[in-house]
Amino acid sequence: MNESVVKEIENEGLSGKTEAEKVREKITWLVFSILGRKYAIKSSAVDEIIRDVKIYKLPFLPSYVEGVMNRRGEPFTVLNPVPIIEEGNDATIDSSLFLVFNRSDDKLSLHISDILFFCDTESDDLHLIPGLDDDRVVLGTIDYNHEEIPVLNPDTFEALLLKDLGN
């Protein structure tokens, strides 16, 4: 009988904690630049960062597809995010730096300008853009050192590619 009373008191003590006392989930972000603008992506969405690889151009593809790279004998599609993020802007990225997405079903990489830093924020620090569906390129922003950094959705790149190629 005493054990049940002790458990009841312990449960009341746990449920009485305020939100500030509860442990919040931390998310690690990779912050990088594309043509001088900062963007973030969950670090868990990135498998590898590659520098100085040759891109093989492919004909008859959308303007945002730069071609393919050879990564350990496997072809990976290289995407230029500029025309996707900023419609009408077909600027090319002059660096040779690529984020390889951590995906089991696709082999995609994103051409970027530079890696800036990694940062940790709490899960509720992601400010989602309300009223938009899940296939948007920019999910929202994170606040880091009083700066709002747009967060990119890696799933959007695959969905756009599949839509444009008719698959």
Side-chain angles (χ1 to χ4, degrees), residues 17-55 57 61-69 71 76-165:
K17 287 188 177 182
T18 65
E19 280 296 313
E21 294 173 326
K22 292 182 181 176
V23 177
R24 294 184 181 166
E25 179 188 357
K26 291 278 188 183
I27 298 174
T28 301
W29 301 96
L30 168 59
V31 179
F32 56 95
S33 68
I34 301 171
L35 299 178
R37 300 181 102 184
K38 290 182 185 174
Y39 295 95
I41 192 169
K42 282 185 180 180
S43 65
S44 61
V46 178
D47 186 39
E48 189 174 5
I49 301 166
I50 298 178
R51 181 178 295 279
D52 298 327
V53 295
K54 182 169 174 48
I55 304 301
K57 305 286 185 195
L61 291 175
S63 63
Y64 59 87
V65 178
E66 291 184 0
V68 295
M69 74 166 82
R71 179 177 172 252
F76 276 72
T77 305
V78 177
L79 304 178
N80 176 359
V82 176
I84 299 169
I85 296 169
E86 300 175 25
E87 286 187 37
N89 185 351
D90 289 332
T92 58
I93 300 170
D94 60 356
S95 76
S96 181
L97 192 60
F98 306 91
L99 297 180
V100 176
F101 289 135
N102 184 12
R103 304 179 64 83
S104 61
D105 57 343
D106 290 310
K107 295 177 169 86
L108 293 176
S109 63
L110 197 65
H111 197 166
I112 63 170
S113 298
D114 198 9
I115 298 291
L116 300 176
F117 55 88
F118 286 88
C119 67
D120 291 327
T121 65
E122 294 181 357
S123 58
D124 57 353
D125 288 338
L126 172 61
H127 309 289
L128 295 174
I129 299 172
L132 296 176
D133 52 14
D134 288 337
D135 63 348
R136 61 187 180 252
V137 176
V138 177
L139 288 173
T141 62
I142 56 169
D143 183 27
Y144 185 76
N145 286 340
H146 306 293
E147 181 180 10
E148 292 289 319
I149 301 172
V151 173
L152 298 184
N153 179 2
D155 294 333
T156 301
F157 298 106
E158 175 194 12
L160 181 62
L161 189 61
L162 291 174
K163 180 183 129 200
D164 288 347
L165 297 179

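- For Ser96 (side chain) and Arg51 (main-chain N/O), no donor-acceptor pair under 3.5 Å exists by modelled atom type.
- Not a single donor-acceptor pair under 3.5 Å links the side chain of Asp114 to the backbone N or O of Ser33.
- With a 4.5 Å cut-off on side-chain heavy atoms, Val138 and Asn153 do not count as touching.
- Taken from CG in Leu152 to CH2 in Trp29, the straight-line distance is 10.0 Å, to the nearest 0.5 Å.
- When all heavy atoms of Lys38 and Leu116 are compared, the closest pair comes out as CG-CD1, 3.5 Å.
- For the pair Val78/Val53, no side-chain contact is recorded, criterion being any heavy-atom separation below 4.5 Å from C-beta on.
- The line from NZ of Lys57 to CD of Glu66 is 5.5 Å long, rounded to the nearest 0.5 Å.
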Carefully, step by step, assess Cys119 and Asn145 under the rule side chain to side chain contact (heavy atoms under 4.5 Å, CB included).
-> CA-CA 10 Å; Cys119 67; Asn145 286 340; over 6 Å; no

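- For Ala40 against Ile149, the heavy-atom pair with the smallest separation is N-CG2, 3.8 Å.
- When the shell of 6.0 Å around CG of Asp94 is examined, it contains 12 or fewer heavy atoms from other residues, nucleotides or ligands.
- A heavy-atom distance below 4.5 Å is not found between the side chains of Met69 and Lys54.
- Put simply, CD1 on Ile112 and CD1 on Ile41 are 9.5 Å apart, with the number rounded to the nearest 0.5 Å.
- Using a cutoff of 4.0 Å between basic side-chain nitrogens and carboxylate oxygens, Asp47 and Arg103 are not scored as salt-bridged.
- Counting only heavy atoms from C-beta outward, the side chains of Ile93 and Pro81 approach each other to under 4.5 Å.
- Between Tyr39 and Glu86, the shortest heavy-atom distance links the atoms OH-OE2, 4.1 Å.
- For the pair Pro62 and Asp164, the tightest heavy-atom approach, listed with the atom from each and the gap, is CG-CB, 3.9 Å.
- Not one N or O on the side chain of Thr28 forms a donor-acceptor pair closer than 3.5 Å with the backbone of Ser43.
- When all heavy atoms of Ser123 and Ile27 are compared, the closest pair comes out as CA-CD1, 3.8 Å.
- Between Ile34 and Asn80, the closest side-chain pair of non-hydrogen atoms is not below 4.5 Å.
- Taking CZ from Phe157 and CG from Leu108, the interatomic distance works out to 9.5 Å, rounded to the nearest 0.5 Å.
- Between atom CD1 of residue Ile49 and atom CD1 of residue Ile115 there is a gap of 3.5 Å, rounded to the nearest 0.5 Å.
- To the nearest 0.5 angstrom, Leu110 atom CG is 10.0 Å from Leu97 atom CG.
- Judged by distance alone, with hydrogens and angles left aside, the side-chain atoms of His111 form a donor-acceptor pair with the main-chain N or O of Ser95 at under 3.5 Å.
- Taking 4.5 Å as the limit, every side-chain heavy atom of Val46 sits out of range of all side-chain heavy atoms of Asn102.
- Residues Ile50 and Phe76 fail the side-chain proximity criterion, which asks for heavy atoms closer than 4.5 Å.
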Would you please test Lys107 and Arg71 for side chain to side chain contact (heavy atoms under 4.5 Å, CB included) and show each step?
-> CA-CA 10 Å; Lys107 295 177 169 86; Arg71 179 177 172 252; over 6 Å; no

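- Looking only at side-chain heavy atoms (C-beta outward), Ile129 and Leu139 stay at 4.5 Å or farther from each other.
- Minimum heavy-atom separation, Val82 to Ala91: CB-O, 3.9 Å.
- Checked against ring-ring contact (aromatic ring centres under 6.0 Å, His included), Tyr144 has the following partners two or more places apart in sequence or in another chain: Phe117.
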